[in-house]
Number of protein chains: 2
Amino acid sequence: MNKKELFYKLVSFTAAVHRVTNELTKNAKPDSISQVQYNILEFIAVNQPVTPSEINDCQNMSMSNTSRELSKLSEKKLIEKMIDSKDRRKQYVRLSQNGEVAMKEAFAVIETRFLNRIQNASKEDLIEIELAIDTLHKKLFHP
Amino acid sequence: MNKKELFYKLVSFTAAVHRVTNELTKNAKPDSISQVQYNILEFIAVNQPVTPSEINDCQNMSMSNTSRELSKLSEKKLIEKMIDSKDRRKQYVRLSQNGEVAMKEAFAVIETRFLNRIQNASKEDLIEIELAIDTLHKKLFHP
DNA sequence: CCTCTTAATTATCATTTGATAACTAAATTG
DNA sequence: CAATTTAGTTATCAAATGATAATTAAGAGG
């Protein structure tokens, strides 16, 4: 197994991850927000508090567009912004109470589908899956 | 480790996969096509030949929009369509020669970045990574 | 203080995308 | 053979997105 083969394996694997993620999250987001907005919201949920700059970097957006989408999320009362007291140019973004509720609901839908997907997995399978996730997260998909 | 914890681990993991995929594929696609078109092209590259219907299902698009995007890719000479001789309603889509070249170039960029990402991994790490990918692909991210 | 850089905002415009409906042509079914 | 279903196309329209440029405000460094 050389690195080139590993690369092709990775391509096929990430394609599968994307497909399954699509399937699990299909229609799970609140109707009031777009897909891009949901992606941002999920990123905030997992990493909060985050700065708008971090959102650009990770979501591969331009600053201006991130700013626009954050404004929309803010208007919809799903997030809150706080200015950094040390560097007043910076902001910290987190979910508002409404945002937490909305994400909790979305995650509940996704979790149900996930449980359905692994319903036939044995205890040993689950342990193996967990270890594999840890390995890949640490050794390949680290920040 | 219960299933709920595993679910949260999965959420954080898939977020990491998406972030790294973003990073690896950033600007790797030909300038002449959109992100959605690139996604379709990559799907075709990995699974060809595919039917338009399969593309909808996996990319979570509607038939009409898939059809439009395939027409654009066809105009750009990146794909070819062939009618199934047995069922003349069906089509098989594959990369054209130009499409193969374009994807080969894109994959070369992505592979370089991937190699860079794993440059510090030991032989043992790589074996572990490969096994972990196989496990997850088979037990969690299967079709 | 003055200049430069960083973080974020606002405005604008072309393009892409998603959604819907109406349509063609080829199977399938009964 | 008529009716229905399946696979895909085409047209259209509103909304979302990407790209760019100009602007504000706050640090950082000399």
Side-chain angles (χ1 to χ4, degrees), chain A residues 18 22-23 25-44 47-76 78-94, chain B residues 18 22-23 25-44 47-76 78-94:
Chain A
H18 281 85
N22 258 352
E23 198 181 303
T25 60
K26 205 174 204 161
N27 305 325
K29 70 171 182 58
D31 288 337
S32 61
I33 63 174
S34 73
Q35 187 59 45
V36 169
Q37 286 165 17
Y38 176 78
N39 293 345
I40 293 174
L41 220 51
E42 196 176 272
F43 176 73
I44 296 171
N47 300 287
Q48 63 184 332
V50 297
T51 64
S53 303
E54 288 168 339
I55 297 176
N56 310 340
D57 292 345
C58 293
Q59 303 289 308
N60 205 357
M61 301 179 68
S62 72
M63 191 62 148
S64 55
N65 292 331
T66 301
S67 180
R68 175 181 59 199
E69 299 310 322
L70 287 177
S71 298
K72 290 182 190 168
L73 289 171
S74 200
E75 272 170 37
K76 291 172 186 173
L78 294 169
I79 61 168
E80 285 166 355
K81 297 176 179 180
M82 265 185 36
I83 292 177
D84 183 338
S85 56
K86 296 204 175 177
D87 182 343
R88 293 163 44 72
R89 290 169 307 181
K90 275 193 196 166
Q91 293 179 0
Y92 292 109
V93 183
R94 29 169 81 259
Chain B
H18 281 85
N22 259 351
E23 198 182 305
T25 60
K26 204 174 208 162
N27 305 325
K29 69 170 181 60
D31 289 336
S32 61
I33 64 174
S34 73
Q35 187 59 46
V36 169
Q37 286 165 15
Y38 176 77
N39 294 345
I40 293 175
L41 221 49
E42 196 176 273
F43 177 74
I44 297 171
N47 299 288
Q48 65 185 332
V50 298
T51 65
S53 302
E54 288 168 340
I55 297 176
N56 311 340
D57 292 344
C58 291
Q59 303 289 310
N60 205 357
M61 300 179 70
S62 71
M63 191 63 148
S64 55
N65 292 331
T66 301
S67 178
R68 175 183 58 200
E69 299 310 321
L70 288 177
S71 298
K72 290 183 190 167
L73 289 171
S74 200
E75 272 170 38
K76 291 172 186 173
L78 294 168
I79 61 169
E80 286 167 355
K81 297 177 179 180
M82 264 185 37
I83 292 178
D84 183 337
S85 57
K86 297 205 172 174
D87 183 343
R88 293 163 45 72
R89 290 168 307 178
K90 276 193 197 167
Q91 293 179 359
Y92 293 109
V93 182
R94 29 171 79 260

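Note on naming: letters A, B, ... go to the chains in the order of the sequence lines (proteins, then strands), and numbering restarts at 1 for each one. Hydrogens, waters and symmetry mates are skipped; everything else that's a heavy atom, side chains included, is used.
- Protein atom CG of A:N56 is 13 Å distant from nucleotide atom C1' of D:dG18, rounded to whole Å.
- Side-chain proximity of A:R88 to D:dG8, D:dG27, D:dT17: nearest is D:dG27.
- Listed by chain and number, the residues in a side-chain hydrogen bond (donor to acceptor under 3.5 Å, both in side chains) with A:N60 amount to none (sequence neighbours excluded).
- Distance alone, capped at 3.5 Å, is enough to place a donor-acceptor pair between the B:N47 side chain and the B:F43 backbone.
- Taking the side-chain hydrogen bond (donor to acceptor under 3.5 Å, both in side chains) definition, one finds that A:K29 meets it with nothing, sequence neighbours left out.
- Following rounding to the nearest Å, A:I33 (CD1) and D:dT17 (P) show an atom-to-atom distance of 10 Å.
- For A:D31 and C:dG18, the CG to P distance is 15 Å, given to the nearest whole Å.
- Considering only residues two or more places apart in sequence or on other chains, B:T25 meets the side chain to side chain contact (heavy atoms under 4.5 Å, CB included) condition with B:T21, B:I110.
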Output a table of nitrogen or oxygen pairs between the protein and nucleotides 2-6 of chain D separated by less than 3.5 Å.
{"unit_1": "D:dT6", "atom_1": "O4'", "unit_2": "B:R89", "atom_2": "NH1", "d": "3.4"}
{"unit_1": "D:dT6", "atom_1": "O2", "unit_2": "B:R89", "atom_2": "NH1", "d": "3.0"}

What pairs of nitrogen or oxygen atoms, one from the protein and one from nucleotides 9-13 of chain D, lie under 3.5 Å apart?
{"unit_1": "D:dT9", "atom_1": "OP1", "unit_2": "B:K81", "atom_2": "NZ", "d": "3.0"}
{"unit_1": "D:dT9", "atom_1": "OP1", "unit_2": "B:Q91", "atom_2": "NE2", "d": "3.2"}
{"unit_1": "D:dT9", "atom_1": "OP2", "unit_2": "B:S67", "atom_2": "OG", "d": "2.7"}
{"unit_1": "D:dT9", "atom_1": "O5'", "unit_2": "B:S67", "atom_2": "OG", "d": "3.2"}

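- The 5' end of DNA chain D is approached more closely, in terms of each residue's nearest nucleotide, by B:K90 than by the other of B:K90 and A:N60.
- Shown here are the side-chain hydrogen bond (donor to acceptor under 3.5 Å, both in side chains) partners of B:N22, two or more places apart in sequence or in another chain: there are none.
- Checking B:E69 against B:S62, the closest nucleotide of DNA chain C that is more toward the 5' end is the one next to B:E69.
- Evaluation of the salt bridge (charged side-chain N to carboxylate O under 4.0 Å, His left out) rule for A:R89 yields A:D87 as partners, not counting sequence neighbours.
- Under the side chain to side chain contact (heavy atoms under 4.5 Å, CB included) criterion, A:R88 pairs with A:I83, sequence neighbours left out.
- Atom CD1 in A:I40 sits about 14 Å away from atom C1' in C:dA8, given to the nearest Å.
- Mapping A:D87 and A:V36 onto DNA chain D by nearest heavy atom places A:V36 closer to the 5' end of the strand.
- Residues that satisfy the side chain to side chain contact (heavy atoms under 4.5 Å, CB included) test with A:S74, not counting sequence neighbours, are A:I79.
- Pairs passing the salt bridge (charged side-chain N to carboxylate O under 4.0 Å, His left out) check and including a residue from residues 48-72 of chain B, sequence neighbours excluded, read B:E69-B:K72.
- For B:S71, the side chain to side chain contact (heavy atoms under 4.5 Å, CB included) partners are B:K81, not counting sequence neighbours.
- Rounding to whole angstrom units, CD of residue B:E54 and C1' of D:dG8 are separated by 14 Å.
- Of the possible donor and acceptor atoms, one in the side chain of A:K76 sits under 3.5 Å from a partner among the backbone N and O of A:S32.
- Out of C:dA27, D:dG8, C:dT16, the shortest distance to the side chain of B:S34 is found at C:dT16.
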Task: Trace of the side chain to side chain contact (heavy atoms under 4.5 Å, CB included) decision for A:V36 with A:Q59 - done: CA-CA 9 Å; A:V36 169; A:Q59 303 289 308; over 6 Å; no
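- Separating the CD1 atom of A:I83 from the P atom of D:dA26 is a distance of 9 Å, rounded to the nearest angstrom.
- Within the helix from C:dC1-D:dG30 to C:dG30-D:dC1, the inter-axis angle between the opening and closing five-pair segments is 40°, rounded to 10°.
- Atom P of nucleotide C:dT15 and atom CD of B:Q35 are separated by 19 Å, given to the nearest angstrom.
- Computed from coordinates, the B:K86 NZ to D:dA7 P distance equals 17 Å when rounded to whole Å.
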